[in-house]
Amino acid sequence: VIMAVRVAWFKVHYPLHYYAVYFTLRCSSYEYETMVKPTRVVRARLLNIQQRLNDVNTKKDVSSKEVDLISTLEAVYEMNSRGYRIAPLDLMLSHATEFILHPSDPNAIIPPFVILDGLGENVAKSIVEARETKAFISKEDLQKRSLINNTQLNRFDELGLLENLNNKNQMSLF
């Protein structure tokens, strides 16, 4: 009972700390593209999964990842409804495995790199270690100094994480 009171106290008085810890420790499935969207998109995705689960004909088509995703999306929906949000991934701020508070936005938390499908913990840690050594100067530099592969690099590019980076280390004069 004491533990439940402590959790409730943090949820009321330090909601972003609560959600950062909750997503880091309690959630096992993530869908980054949905989690960073507005409340109505999160709710629509959640209802879609729940409706398919409740329908006898479509129940078998719901993956186990989607079933695990329900609790995550419920927490995201609750968080968004309270006026907080999940910020986009940030190459210079995101941690490898933990959700953190956004340093300049008091209503947002930053997700870790492992939230992306196909990007493992070792790759995420290598990106953070390389970033702490010195800033990345290009996509080529990122790939050389970390364990990221071409597919993951392209995914980062699609998500807009690499907008400020050149393709190659060498600068063009013309």
(request) May I ask you to decide if Gln50's main-chain N or O and Asn54's side chain share a donor-acceptor pair within less than 3.5 Å? (result) yes

(request) Would you indicate whether the side-chain heavy atoms of Met79 and Tyr18 approach each other to under 4.5 Å? (result) no

(request) Establish, from distance only, whether the side-chain atoms of Asn166 and Glu140 form a donor-acceptor pair under 3.5 Å. (result) no

(request) Look up atom CD in Glu66 and atom CG in Asp68, then write down how far apart they are to the nearest 0.5 Å. (result) 10.5 Å

(request) Locate the shortest heavy-atom distance separating Tyr19 from Ala75; write the atom from each residue and the value. (result) CE2-O, 4.0 Å

(request) Supply the atom-to-atom distance Leu142 CG to Gln152 CD, rounded to the nearest 0.5 angstrom. (result) 10.0 Å

(request) Evaluate the side-chain proximity of Asn164 to Leu91: yes if any heavy-atom separation is below 4.5 Å, no if none is. (result) no

(request) Compare every heavy atom of Ile110 with every heavy atom of Pro103, then report the nearest pair and how far apart it is. (result) CD-CD1, 3.9 Å

(message) Any non-hydrogen side-chain atom of Asp117 less than 4.5 Å from a side-chain atom of Lys65?
(response) yes

(message) If we ignore hydrogens and angles and just use 3.5 Å, is the side chain of Thr58 paired with the main-chain N or O of Arg52 as donor and acceptor?
(response) yes

(message) Is the shortest side-chain heavy-atom distance between Ser71 and Tyr22 below 4.5 Å?
(response) yes

(request) Would you check if the side chain of Thr72 reaches a backbone N or O of Ser29 as a donor-acceptor pair within less than 3.5 Å? (result) yes

(message) Below 30° counts as parallel, above 60° as perpendicular, anything between as tilted: where do the rings of His17 and Tyr14 land?
(response) perpendicular

(message) Hydrophobic clusters here meaning ILVMFWY residues chained together by side-chain heavy-atom distances under 4.5 Å, can you tell me if Val41 and Ile86 are in one?
(response) no

(message) Determine whether Asp141 and Lys168 satisfy the following criterion, salt bridge (Lys or Arg N to Asp or Glu O under 4.0 Å), listing intermediate values before the conclusion.
(response) CA-CA 8 Å; Asp141 182 40; Lys168 300 285 182 186; over 6 Å; no

(message) Can you tell me if Met3 has over 12 outside heavy atoms packed within less than 6.0 Å of its CE?
(response) no

(request) Drop me the distance from Leu162's CG to Glu158's CD, to the nearest 0.5 angstrom. (result) 10.5 Å

(request) Without swapping roles, check the side chain of Arg131 against the backbone of Phe136 for a donor-acceptor pair under 3.5 Å. (result) no

(request) For Leu119 and Ala124, work out which heavy atoms get closest and say how close. (result) CD2-CB, 3.8 Å

(message) How long is the straight-line distance from CZ of Phe23 back to CD1 of Ile109, given to the nearest 0.5 Å?
(response) 5.5 Å

(request) Measure the CD-CG distance between Gln51 and Leu46 for me, rounded to the nearest 0.5 Å. (result) 10.0 Å

(message) Check whether Glu132 reaches the backbone of Glu129 with its side chain - one donor and one acceptor, N or O, closer than 3.5 Å.
(response) no

(message) Ignoring hydrogens, what is the shortest heavy-atom contact between Ala96 and Pro112? Give both atom names and the distance.
(response) O-CB, 3.4 Å

(message) Treating Tyr30 as the side-chain partner and Cys27 as the backbone partner, does any N or O pair qualify as donor plus acceptor under 3.5 Å?
(response) yes

(message) Would you say that Ser94 contacts Ile127 through its side chain, given a criterion of any heavy-atom pair below 4.5 Å between the two side chains?
(response) no

(message) Looking at every non-hydrogen atom in both residues, tell me the closest pair between Leu159 and Glu33 and how far apart they are.
(response) CD2-OE2, 4.3 Å

(message) Hydrophobic clusters here meaning ILVMFWY residues chained together by side-chain heavy-atom distances under 4.5 Å, can you tell me if Ile137 and Leu165 are in one?
(response) no

(request) Find out if a path of hydrophobic residues (ILVMFWY) with successive side-chain heavy-atom gaps under 4.5 Å connects Leu69 to Leu47. (result) no

(request) Verify the distance criterion only: is there a donor paired with an acceptor across the side chains of Arg45 and Tyr77 at less than 3.5 Å? (result) no

(request) State, to 0.1 Å, how close Arg155 and Leu116 come at their nearest heavy-atom pair, and which atoms those are. (result) NH2-CD2, 3.8 Å

(request) Determine the interplanar angle of the Phe156 and Phe113 rings, folded into 0 to 90°, and report it as parallel if under 30°, tilted if 30 to 60°, perpendicular if over 60°. (result) parallel

(message) Let's go through Gln143 and Asn150 carefully: what are the C-alpha distance in whole Å and the side-chain angles of both, what is the deciding distance for side-chain hydrogen bond (donor to acceptor under 3.5 Å, both in side chains) to 0.1 Å, and is it a yes or a no?
(response) CA-CA 8 Å; Gln143 196 166 19; Asn150 283 334; 2.6 Å; yes

(message) When you group the ILVMFWY residues by side-chain heavy-atom contacts below 4.5 Å and let the links chain together, are Ile100 and Ile115 in the same group?
(response) no

(message) I'd like to know if the side chain of Ser104 pairs up with that of His102 as donor and acceptor (distance under 3.5 Å, no hydrogens or angles considered).
(response) yes

(request) Identify which one of Arg43, Lys11, Arg85 satisfies the salt bridge (charged side-chain N to carboxylate O under 4.0 Å, His left out) criterion when paired with Glu78. (result) Lys11

(request) Could you tell me the separation between the CG atom of Asn80 and the NZ atom of Lys37, rounded to the nearest 0.5 Å? (result) 12.5 Å

(request) Please confirm whether the backbone N or O of Leu147 pairs with a side-chain atom of Ser126, one donor and one acceptor, at under 3.5 Å? (result) yes

(message) Under 4.5 Å between side-chain heavy atoms, counting indirect links through other Ile/Leu/Val/Met/Phe/Trp/Tyr residues: same cluster for Val67 and Met35 or not?
(response) yes

(request) Check the pair Ser146 / Val123 against side chain to side chain contact (heavy atoms under 4.5 Å, CB included), numbers first and verdict last. (result) CA-CA 7 Å; Ser146 68; Val123 174; 5.8 Å; no

